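All remarks here apply to the structure that follows.
Quick caveat, the model's predicted, so the values are computed rather than measured. The chains referred to below are lettered A, B, ... by the order of the sequence lines, with proteins before strands, and numbering in each begins at 1.
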Amino acid sequence: MIPFRIVRSSVGLLCALSLVLSAGAARADYPDRPIEIVVPFVAGGGTDLVARLVADYMGKKWTQPMLVVNKPGGGGVPGARSALKESRPDGYTMLIDIHTISSMLVGAQKTPPLTIADRKYAGRIVRDPMVFAVKADAPWKTFKEFSEWVKGHPAELVWASTGPAGPSRYTAFDWMTQIGVDPTKTRMVITPGAADAMAKLAGGHVVLAIHSVAEVQTMRDAGKIKVLAVLSPSRLKGLPDVPTAEEEGVVKGVRVQWWAAAAFPAATPDPIVKKWEAALSEMTKDPQFLASAQRLNMNIDYLNAADTRAFVDKEVAGYTEMATAIGIRR
Amino acid sequence: MDVLGHLAGGFAAALTPTNLLMAFVGSLLGTLVGVLPGLGPTAAIAILFPLTSVLNPAAAIIMLSGIYYGAMYGGSTTAILLNIPGEVASVPTCLDGYPMAQQGRGGVALGIAAIGSFVAGTFGVLVLTFFAPALADQALRFGPPEYFGLMLLAFTVVVSLSGASLARGLAMAMAGYLLALIGLGPATAEPRFIFGFQPLMSGVDLIPLVVGLFAVSEVFLGLEEARVAIAQKIHDVFPRWADLKEAMPAILRGTGIGFILGLLPGCAPGVTVFLAYDAEKKLARRPERFGRGAIEGVAAPESANNATSSAGFIPLLALGIPASAPLALLLGGLTVYGLQPGPLLFQKNPQFVWTIIASLYIGNVILLILNLPLVGMWVWLTRVPFGILGPAILLLSFVGAYSVRNSMLDVAVSLVFGFLGYWLRKYQWPLAPLLLAFILGPLLENNLIQSLSMSGGSPLIFVHRGLSLALIVGAVVLLATSLIIVRYTSRRVREATAEEMAL
């Protein structure tokens with residue numbers, strides 16, 4: 001039997017402790033400890049670089065360390081799950097969300113492991129359009145010319161696709177449908193990633209590769225490949241002499257692009273998300289930040305929280321329709 | 001192009017105190033990381049990645065590169081002294097390195113490993129200096145059919161790794177291949193073999209598997225044997241001239257194999273060391289010495305893995321294609337500084353490129369200097385009572401396994417395979433074929449699917465392309481040779497010792 005005085009003093013101590021702690025929590029400003037930014041892909045890749053830029057800026061702004069944690073594998077889904085569903089929704093775990101684990105995932109699966117409702121967006125940061133790349137010494141000079149050739153020789157089109165249901169495939173599907181080519185007649189080569197596809201393109205093992213601007217930059221600068229068109233509403237500042245697919249009269253509308261946004265678990269308190277939204281808006285106007293992004297060939301294109309959600313929902317509709325038409329929606 | 005002039009300028013920049021310090025720190029950290037099982041250059045580079053925002057480009061890349069090739073040196077130390085490979089690429093080194101240590105020749109093994117690594121690394125950087133862009137272009141000619149042929153060739157090595165029983169070796173290879181299937185299928189993105197257990201969607205990762213099968217199981221075995229300390233004394237710390245002469249051909253061959261295969265981004269680094277080991281075994285006059293302390297069995301893989309890591313810089317700098325995970329991180333590091341790899345890098349930022357290349361030379365020298373005298377220090381490791389060393393290794397192994405993907409699943413994998421490895425080793429089932437098949441399985445599958453996609457389903461693509469046909473024929477020839485040699489060696493061993501050959 002524990003003596004009563006010990007019980008009494010321990011209870012007293014507990015009360016005191018809880019008061020101190022809760023008072024501390026109520027008074028502390030967010031953030032009062034390091035924030036973990038989860039990247040469900042390998043370090044050094046596109047998503048990771050966005051995270052590091054954000055971490056760098058926010059770390060300085062809020063004088064709290066921002067830890068970029070990479071959890072690659074499984075197409076990015078396990079890492080995203082750990083950030084959205086297996087962590088506490090207290091604003092100290094953030095996810096860099098991209099299309100392959102959000103809109104594209106939901107569009108392709110009837111019961112996806114993650115839904116858009118699992119996220120609360122703080123804002124979109126980067127938008128990287130897709131481009132159509134062929135070998136530098138390929139005979140076609142314009143995208144229109146190339147598309148005509150594809151119409152006539154679909155079986156000779158060997159093209160690289162990152163993953164069986166990745167952005168390359170959707171873009172290709174959209175393009176082929178609009179020019180009247182049956183995608184199943186072409187030869188799709190599935191590659192694990194963009195670097196691999198670029199190597200195959202430069203080596204002449206595939207004829208076409210469809211990737212984001214950042215992913216083709218290195219090979220383009222090395223002079224091994226050329227970009228025939230960019231899938232974007234208007235020409236990009238970084239590629240002034242590359243026409244848009246719409247300009248070439250080949251593909252109308254942009255339904256596939258690479259983007260990265262800051263997302264929190266759905267139950268995260270609104271004030272925290274709003275704070276991030278404001279900070280992101282400020283960040284994407286900061287000249288130093290923009291200069292660092294420019295060095296990385298990153299196209300900063302900010303959207304606030306509500307607009308990001310609307311953008312993603314629109315993408316979901318587009319991908320659902322395409323996935324059903326391709327026949328990969330399960 | 002005034003290559004030598006540029007190189008001289010590079011050396012001038014690389015020999016500044018800051019950059020020298022960076023090279024030293026990187027090499028030291030890399031060696032340390034290589035020694036620790038499971039913790040690899042990938043994790044170390046990833047942890048130090050934020051330094052890229054405070055250091056200038058040359059200093060940061062010099063340090064990160066130092067970690068990368070330093071790890072190749074470190075992995076051999078524990079492989080030889082404790083039978084625990086610090087890296088996947090150190091696994092073949094255990095096969096002959098540890099028996100050498102048990103015979104009191106541990107110092108010689110370590111010395112030869114260091115010298116072989118230095119020779120290979122320097123050779124690699126020399127070729128990089130003069131031929132980088134041209135070689136990178138040649139490497140691009142390897143497409144899916146060629147890689148398939150190459151992986152098929154590598155698969156035949158399973159035969160010589162099987163030891164006494166070919167049947168067991170093949171069974172282990174099959175098991176390894178099945179393990180590699182777990183996760184998302186490459187062509188369909190459908191989960192395979194996950195049995196509804198979501199975390200398995202990421203598949204079984206290589207590092208936790210190696211850590212479990214080799215490091216954790218070794219600790220269990222050591223605890224069971226009630227090892228007190230490693231009994232052998234390290235007599236000769238520096239190799240004698242005779243040892244060097246014996247090992248030199250193996251070093252040169254290992255360098256060649258490691259370098260050529262290291263140029264190919266689609267060839268995993270672990271594959272080259274197995275091929276180098278196998279080549280030595282096939283070319284040796286008395287192949288039955290392998291597995292019992294043949295010095296070529298240490299020299300060849302160690303040279304091969306350093307040659308591979310030097311060669312990996314060629315597609316990285318010339319084309320921006322990383323051949324392995326640490327190189328992908330280095331690429332990320334370059335990108336952070338806005339430095340685009342490619343011929344333009346050589347033109348727009350020559351100072352940077354040549355500084356890096358010069359520091360690769362310097363790094364090799366630093367590592368040689370670090371490692372030869374440090375042998376005494378590593379030897380001290382073996383004097384630590386196993387009751388302390390064992391748990392320490394276990395702890396480091398689990399941390400290393402976790403560090404790969406920040407995933408507890410990997411820790412569970414290393415534990416499970418620790419037990420499995422323990423049982424398999426007790427009952428003389430060869431582990432190396434399992435590992436090799438695990439690495440090669442996905443490569444074979446991906447390249448086969450890609451080749452058939454390219455040809456619209458026709459297997460004739462392998463025949464129409466000269467290089468791929470040559471490689472497939474080579475694989476068949478190599479298989480036949482391996483089978484003959486295995487039969488020959490076991491006959492010789494039985495004649496010589498009246499007992500079965502063990503691996």
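The two residues B:Leu319 and A:Lys224 come nearest to each other via the heavy atoms CD2-CE, 3.5 Å.
When the heavy atoms of residues 134-148 of chain B are compared with those of chain A, the residues falling under 4.5 Å are B:Asp137, B:Leu140, B:Arg141, B:Phe142, B:Gly143, B:Pro144, B:Glu146, listed by number.
Heavy-atom neighbours of A:Arg88 CZ from other residues, nucleotides or ligands within 6.0 Å: at or below the threshold of 12. Around the NZ atom of A:Lys61, the shell of radius 6.0 Å holds more than 12 heavy atoms that belong to other residues, nucleotides or ligands. Within a 6.0 Å sphere centred on CD of B:Gln198, heavy atoms belonging to other residues, nucleotides or ligands number more than 12. More than 12 heavy-atom neighbours from other residues, nucleotides or ligands sit within 6.0 angstrom of CD on A:Glu156. The environment of A:Lys151 atom NZ is sparse: at most 12 non-hydrogen atoms of other residues, nucleotides or ligands sit within 6.0 angstrom.
Neither the backbone nor the side chain of B:Pro199 comes within contact range of chain A, judged by heavy atoms closer than 4.5 Å. Contact of B:Leu184 with chain A is made through the side chain alone, with heavy-atom distances under 4.5 Å. Using a 4.5 Å cut-off between heavy atoms, A:Ala165 makes no contact with chain B at all. Interface residue A:Pro72: backbone and side-chain heavy atoms are both found under 4.5 Å from chain B. Residue contact with chain B, scored on non-hydrogen atoms closer than 4.5 Å, is absent for A:Ser161. For a residue to count as touching a neighbouring chain, one of its non-hydrogen atoms must lie under 4.5 Å from one of that chain's; by this rule B:Pro322 touches chain A with the side chain only. For A:Lys200, the part sitting under 4.5 Å from any heavy atom of chain B is the side chain, from C-beta outward, and nothing else. Contacts between A:Met219 and chain B at a heavy-atom distance below 4.5 Å involve the side chain alone, from C-beta outward. For a residue to count as touching a neighbouring chain, one of its non-hydrogen atoms must lie under 4.5 Å from one of that chain's; by this rule A:Val77 touches chain B with the side chain only.
Ranking A:Val68, A:Val189, A:Val206 against chain B, the residue ahead of the rest is A:Val189, based on heavy-atom pairs under 4.5 Å. Here A:Thr218 is the residue among A:Leu49, A:Thr186, A:Thr218 with the most heavy-atom pairs under 4.5 Å with chain B. Each of B:Pro186, B:Gly456, B:Gly320 has some count of heavy-atom pairs under 4.5 Å with chain A, and the biggest count is that of B:Gly456.
Residues that satisfy the side-chain hydrogen bond (donor to acceptor under 3.5 Å, both in side chains) test with A:Arg52, not counting sequence neighbours, are A:Asp48, A:Asn70. Residues passing the side-chain hydrogen bond (donor to acceptor under 3.5 Å, both in side chains) test with B:Asn349: none are found, sequence neighbours excluded. Remark: A:Glu86 engages no residue in a salt bridge (Lys or Arg N to Asp or Glu O under 4.0 Å) (not counting sequence neighbours).
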* **Step-by-step side-chain contact (heavy atoms from CB on, under 4.5 Å) determination, B:Arg465 to A:His205** => CA-CA 11 Å; B:Arg465 292 161 73 114; A:His205 306 289; 2.8 Å; yes
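A donor-acceptor pair under 3.5 Å is absent between the side-chain atoms of A:Arg187 and the main chain of B:Ser453, judged by distance alone.
Screening A:Thr191, A:Ile190, A:Val158 for a side chain to side chain contact (heavy atoms under 4.5 Å, CB included) with B:Gln450, the sole residue that qualifies is A:Thr191.
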